[in-house]
Amino acid sequence: MLFDALLIGLLAGIAGVDLFDGLTHLHRPIVIGPLVGLILGDIQTGLYVGGSLELVWMGMVPLAGAQPPNVVIGGVIGTTFAILTDADPKVAIGIAVPFAIAVQGCITILFTIYSPMMHKCDRFVDKLNFKGIEWVNYLGMIILFCFYFIVAFLPIYFGADAATALVEKSPKWLLDGLSVAGGMMPAIGFAMLMKIMMKKTYVAYFILGFLGVTYLNLPILAIALGALAIAMIDFYNSSRNNNDNTPSENTNAMEVEDGI
């Protein structure tokens with residue numbers, strides 16, 4: 001368990017830095033979930049929980065001071081809890097989100113404590129000390145890495161047995177409640193995303209996807225491939241129309257220049 005906890009801690013640390021500095025999407029639950037599953041020997045559960053958590057966080061966008069629950073710790077803890085305790089993944093989702101909210105509060109406090117370093121950077125600029133500015137940024141990434149490593153390592157190393165015992169002793173009504181909440185959260189996250197993205201021109205595609213899943217019982221992969229085909233058709237038709245309109249526009253411009 002020590003080795004697994006170390007690997008998951010390292011993964012969380014790298015993903016935590018990526019969340020703020022890299023943006024390679026390693027921090028997303030759909031990616032980090034299967035990686036945690038690979039470490040713990042259950043990729044299928046990792047993929048299932050990661051995909052479910054991705055729906056939860058899909059519509060949660062950080063805006064200035066308004067920060068959503070921490071996506072990295074939510075993905076790591078949720079997936080790890082589901083695998084180690086053999087709990088229903090929906091229960092794991094219900095536990096992951098409150099844990100992620102608490103960690104995001106700690107991140108906000110950490111940023112507040114680190115904020116005076118910005119004044120240090122101002123003094124480095126006055127002295128043209130650009131190396132100093134670089135090291136201030138490197139120090140911030142190192143602190144973030146250590147924070148995520150500790151937050152992910154400690155609960156997994158010290159709390160795996162306790163978490164399992166807690167699940168076994170928990171009353172059925174509590175687990176059922178967490179399962180219901182966990183089942184609702186992906187729908188809420190997807191609804192938030194739809195509120196941002198939905199336009200009148202896209203409603204027809206949404207209806208087609210709904211019909212395919214609900215009445216035709218098509219698998220998600222088939223719906224995704226169908227959506228990709230529609231997107232490609234729309235893209236190439238738009239490109240062809242733009243190419244067809246370009247010569248006439250150029251001709252009109254030449255006629256205006258010639259005084260016709």
Side-chain angles (χ1 to χ4, degrees), residues 1-40 46 49-50 53-54 56-81 84 95-160 163 189:
M1 181 53 66
L2 174 60
F3 183 68
D4 292 342
L6 285 173
L7 287 180
I8 293 175
L10 288 172
L11 177 62
I14 295 172
V17 173
D18 175 74
L19 172 62
F20 292 98
D21 296 285
L23 296 181
T24 62
H25 297 289
L26 174 65
H27 61 279
R28 301 303 303 181
I30 192 64
V31 178
I32 208 168
L35 291 177
V36 172
L38 178 64
I39 294 172
L40 298 177
V49 176
L53 286 171
E54 183 66 34
V56 175
W57 264 275
M58 190 178 291
M60 296 184 182
V61 181
L63 297 172
Q67 296 292 321
N70 191 268
V71 62
V72 175
I73 296 302
V76 170
I77 296 298
T79 307
T80 302
F81 183 88
L84 293 182
I95 291 174
V97 173
F99 201 96
I101 293 174
V103 169
Q104 188 57 47
C106 295
I107 288 286
T108 302
I109 294 174
L110 185 65
F111 282 179
T112 303
I113 296 173
Y114 197 71
S115 59
M117 295 301 294
M118 299 303 100
H119 300 296
K120 186 74 171 176
C121 288
D122 291 337
R123 290 193 290 272
F124 283 149
V125 170
D126 294 336
K127 298 177 181 179
L128 300 180
N129 186 358
F130 300 112
K131 285 292 184 181
I133 298 174
E134 290 181 8
W135 277 108
V136 168
N137 285 275
Y138 291 146
L139 178 61
M141 289 188 282
I142 293 171
I143 293 174
L144 273 178
F145 177 89
C146 294
F147 174 82
Y148 279 101
F149 176 86
I150 293 171
V151 171
F153 173 82
L154 292 180
I156 295 169
Y157 181 68
F158 293 105

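All heavy atoms count here, side chains included; hydrogens, waters and symmetry mates do not.
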Please report the interatomic distance [atom1]([X]) to [atom2]([Y]), rounded to the nearest 0.5 Å.
X      : Y      : atom1 : atom2 : result
Glu134 : Asn129 : CD    : CG    : 9.5 Å
Ile14  : Phe149 : CD1   : CZ    : 10.5 Å
Leu35  : Leu11  : CG    : CG    : 5.5 Å
Asn70  : Ile107 : CG    : CD1   : 5.5 Å

Between [X] and [Y], what is the shortest heavy-atom contact and its length?
X      : Y     : answer
Ala152 : Gly9  : CB-CA, 4.2 Å
Val72  : Ala12 : CG1-O, 3.8 Å
Trp57  : Pro29 : CE3-CG, 4.4 Å

So do the side chains of [X] and [Y] get within less than 4.5 Å of each other, counting heavy atoms only?
X      : Y      : value
Val17  : Tyr148 : no
Lys120 : Phe124 : yes
Leu53  : Val71  : no
Leu110 : Cys106 : no
Leu7   : Phe3   : yes
Ile8   : Phe153 : no
Thr79  : Ile32  : no

Quick one: sort the His27 and His25 rings into parallel, tilted or perpendicular, breaks at 30° and 60°. parallel
Looking at Ile77, is its backbone amide N or carbonyl O close enough to the side chain of Thr80 to form a donor-acceptor pair, meaning the two atoms are under 3.5 Å apart? no
